[in-house]
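Order of the sequence lines fixes the chain letters, A, B, ..., with proteins taken first and strands second; residue numbering starts at 1 for each chain.
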Amino acid sequence: MQGQQQNLPEATINSLTADSNDQIAISLFEPKKEIRPEYNIGKFAGVIFASPYAKNVNEIRKYNWQVVDDDQTLDASLTVTPLTGQKTPTTTTFRVFLALIQVWEHIGFPEDGIVRFSARQLCNVIGWRWAGTDTANRIYEHLKILSGTSISWTLAYQSKDGQLSKLYDDMSILSSASYRQRGSLFEPEKFSIVQKIRLNPDLVDNMLAGHVRPMNYVAFKKIGNDTTAVLYTCLDLYLHKKPKWERRAVALLSSDLALMGKRYEKRFNRHAKLKEFVRELDGVALFTGTLRLAIEETADGKDWKLVARKEKTASPKRQRPIVKSVTSEEEAEMLADELIEMILRQPRSGKPNRAVIKFLCKLYPQPLLRQALSVAKADYQGKIKKTLTHVFVAEIKRAVQEHPKLQWYDDAPNTGQSN
DNA sequence: ATGAGGGTGACATCAGAACC
DNA sequence: GGTTCTGATGTCACCCTCAT
């Protein structure tokens with residue numbers, strides 16, 4: 001028996017079971033709105049975790065850039081190497097990782113980095129429904145990826161004192177992870193919380209020292225599309241210090257998001273993709289502030305570019321409800337005027353009816369209206385079938401009808417009456 | 001109730017091909 | 001050139017059972 005265990009993965013687990021730190025979060029708990037993953041992982045999340053639909057998920061990914069140190073320019077890089085036959089980390093992996101961090105925080109930040117959890121509990125934190133084998137396998141797979149993927153940092157890994165390490169080779173995010181399937185368990189533990197992982201001690205060290213990169217966990221979880229989630233993670237970082245960031249569609253799609261399709265050689269398809277991003281991310285909360293996205297034509301007219309801005313919220317701590325109550329008269333007027341002014345600045349704007357716009361401003365949340373305008377502006381460029389005002393109102397209607405909690409005023413006889 | 005696993009299928013995403 | 005269709009693949013939900 002003892003001899004047998006030496007070579008099994010269970011050997012690691014059994015040795016972990018013996019330690020005294022047995023804080024277990026038994027019941028399901030509500031994950032926090034904000035999450036503080038380790039600084040380096042959070043900073044490079046957009047690079048380390050790719051979209052699962054990206055074409056290169058089985059290959060080594062390497063990113064190079066330059067850093068300036070003591071007046072000399074040095075080459076920095078980050079290499080993500082999967083175990084053979086295994087995928088590189090995807091956004092799903094990132095979701096699992098963030099959930100593990102949540103559990104680790106919940107059980108009181110144990111210094112040894114050991115996290116015990118049940119698969120069902122982890123699902124609850126991530127926001128998945130428990131779906132049997134499929135979910136179990138998914139968690140199992142991504143735990144393997146987290147522990148098996150080797151990450152090498154050259155002049156990239158920043159320790160808690162702010163120093164860049166020259167080289168941090170062969171890091172794995174989890175120093176041990178083993179998903180124990182029911183069949184492998186013995187009777188007494190067969191129906192208890194059994195899963196157990198250990199976070200990389202250096203990462204734990206940094207997190208305990210407050211060397212973290214805070215994220216808006218609620219906003220991140222709501223993003224269903226994995227490519228969009230990668231973009232969100234990147235934008236959150238880019239807009240951390242700068243108020244504005246922009247990038248051409250070609251570079252954004254192929255190098256940042258690893259969308260390699262031939263279809264993106266066509267301008268139209270790039271534009272369509274950017275519109276998806278605007279639809280999904282415009283108005284989404286960042287850790288501080290709100291993300292604002294717009295599409296603009298590049299100066300040479302050959303491509304589009306995505307323009308991201310961070311809009312400051314008055315009190316970043318308080319989250320604005322998704323469906324806010326009816327706006328005050330004064331607020332609606334100000335918003336309506338602002339929107340109308342923005343519309344009139346465009347060519348072939350049409351003649352927006354102030355009363356109608358104000359009426360819509362009172363009825364629907366501000367982010368929805370602003371998003372509708374940016375989508376309308378993007379949609380409208382190129383094809384001049386109707387005026388921008390028409391497209392704008394049609395876009396509001398579409399967004400309202402897609403929204404689970406809103407209703408288009410014309411659809412129901414009793415909601416049109418306000419005031 | 002809670003810990004899981006099994007089977008099935010709907011839905012989303014991407015990308016190329018086909019169509020206008 | 002723009003736009004839509006189609007198929008491969010990945011993700012996730014539903015409903016079931018089992019054991020304590």
Side-chain angles (χ1 to χ4, degrees), chain A residues 24-29 49-58 82 86-96 99 103 116-145 178-196 220-232 249-250 252-281 295 297 301-304 378-385 402 404:
Chain A
I24 306 172
I26 293 195
S27 57
L28 300 183
F29 64 94
F49 306 97
S51 163
Y53 294 102
K55 281 288 167 195
N56 55 356
V57 282
N58 293 308
Q86 203 172 264
K87 285 195 284 190
T88 46
T90 66
T91 38
T92 312
T93 321
F94 192 39
R95 290 176 208 274
V96 172
V103 181
R116 292 169 154 237
F117 61 95
S118 84
R120 192 186 288 271
Q121 181 191 49
L122 203 69
C123 269
N124 180 58
V125 175
I126 299 174
W128 292 335
R129 301 277 176 87
W130 179 257
T133 327
D134 181 75
T135 314
N137 288 343
R138 203 187 312 158
I139 292 176
Y140 179 38
E141 183 191 357
H142 290 284
L143 289 180
K144 271 199 299 189
I145 292 177
S178 178
Y179 190 86
R180 306 188 71 189
Q181 285 163 313
R182 171 141 317 148
S184 73
L185 302 180
F186 300 109
E187 277 309 322
E189 57 181 4
K190 212 152 190 165
F191 298 95
S192 55
I193 292 181
V194 291
Q195 313 306 346
K196 192 167 188 175
F220 176 76
K221 279 205 298 183
K222 273 193 198 140
I223 304 169
N225 181 322
D226 289 292
T227 303
T228 317
V230 174
L231 179 62
Y232 173 82
V250 170
L252 179 74
L253 297 180
S254 65
S255 16
D256 293 2
L257 302 172
L259 295 172
M260 304 301 194
K262 249 169 54 184
R263 59 188 356 255
Y264 297 117
E265 287 167 12
K266 293 194 180 185
R267 209 175 102 101
F268 167 83
N269 286 322
R270 295 197 296 271
H271 191 224
K273 200 71 198 166
L274 293 192
K275 277 198 288 187
E276 275 177 40
F277 295 151
V278 172
R279 243 173 225 149
E280 291 198 47
L281 288 182
I295 303 169
E297 201 165 19
K302 286 179 183 162
D303 198 3
W304 304 95
D379 248 338
Y380 153 83
Q381 286 177 20
K383 53 176 178 184
I384 313 182
K385 289 173 191 160
E402 272 183 13

Query - Within 45° cone and under 6.0 Å: A:Lys275 NZ/CZ vs A:Phe277 ring - result: no
Query raised in the report: Does A:Lys262 make a side-chain donor-acceptor contact with the base of B:dG16, cut-off 3.5 Å?
Result: no
**Report entry** Distance in angstrom units between A:Met260 CE and B:dG16 P, rounded
**Finding:** 11 Å
Query - Atom-pair distance (CG on A:Leu257; P on B:dA15), nearest Å - result: 11 Å
Requested in this report: Tell me yes or no: between the side chains of A:Thr91 and A:Asp226, is some donor less than 3.5 Å from an acceptor?
Outcome: yes
Report task. Considering non-hydrogen atoms only, spot the tightest contact between A:Arg263 and A:Asn269 and give its length. Result -> O-ND2, 3.0 Å
Report summary line: Rounded to whole Å, the CD-P distance (A:Glu265 to C:dG2) equals 13 Å
Requested in this report: Salt-bridge test for A:Lys273 and A:Glu276: reply yes if a basic N is under 4.0 Å from a carboxylate O, no otherwise.
Outcome: yes
Check the interface with nucleotides 5-10 of chain C: list each N/O to N/O pair with the protein under 3.5 Å, or write none.
none

Query raised in the report: What is the distance, rounded to the nearest whole Å, between atom CZ of A:Arg138 and atom P of B:dG6?
Result: 15 Å
Report summary line: Distance col, row A:Thr93:OG1 vs A:Glu141:CD, nearest 0.5 angstrom, shows 7.5 Å
Query - Integer-rounded Å distance: B:dA12 P and A:Glu276 CD - result: 12 Å
Query raised in the report: Is it true that A:Asp303 and A:Arg270 make a salt bridge, defined as a side-chain N closer than 4.0 Å to a carboxylate O?
Result: yes
Report task. Specify the separation, in whole Å, of atom CZ of A:Phe268 and atom C1' of B:dA15. Result -> 14 Å
Requested in this report: Indicate the atoms forming the closest heavy-atom contact of A:Leu274 with A:Ala249, along with that distance.
Outcome: CD1-CB, 3.9 Å
Report task. Please state whether the phosphate of B:dC14, meaning OP1 or OP2, lies under 4.0 angstrom from any side-chain nitrogen or oxygen of A:Thr227. Result -> yes
Query raised in the report: What is the bend of the helix from B:dA1-C:dT20 to B:dC20-C:dG1 when you compare the axis at one end with the axis at the other, using five pairs each and rounding to 10°?
Result: 30°
Requested in this report: Could you work out which one of B:dA15, C:dT3, B:dG5 sits closest to the side chain of A:Lys266?
Outcome: C:dT3
Query raised in the report: So A:Val230 and A:Phe94, side-chain contact (heavy atoms from CB on, under 4.5 Å) or not? Walk me through it.
Result: CA-CA 10 Å; A:Val230 174; A:Phe94 192 39; over 6 Å; no
Query raised in the report: Between A:Arg95 and A:Trp128, is NZ or CZ placed under 6.0 angstrom from the six-membered ring centre and within 45° of the ring axis?
Result: no
Query - Rounded distance in Å - CG (A:Leu122) to P (B:dA4) - result: 10 Å
Query raised in the report: How do A:Thr228 and A:Asn269 order along DNA chain B: which one's closest nucleotide is nearer the 5' end?
Result: A:Thr228
Query raised in the report: Which nucleotide, C:dC12, B:dT13, C:dT3, lies nearest any side-chain atom of A:Trp128?
Result: C:dC12
**Report entry** Atom-to-atom span, CD1 of A:Ile145 to C1' of C:dT11 - whole angstrom
**Finding:** 14 Å
Report task. Consider the side chain of A:Leu259, meaning its heavy atoms from C-beta on, and name the nucleotide among B:dA15, C:dT3, C:dT11 that approaches it most closely. Result -> B:dA15
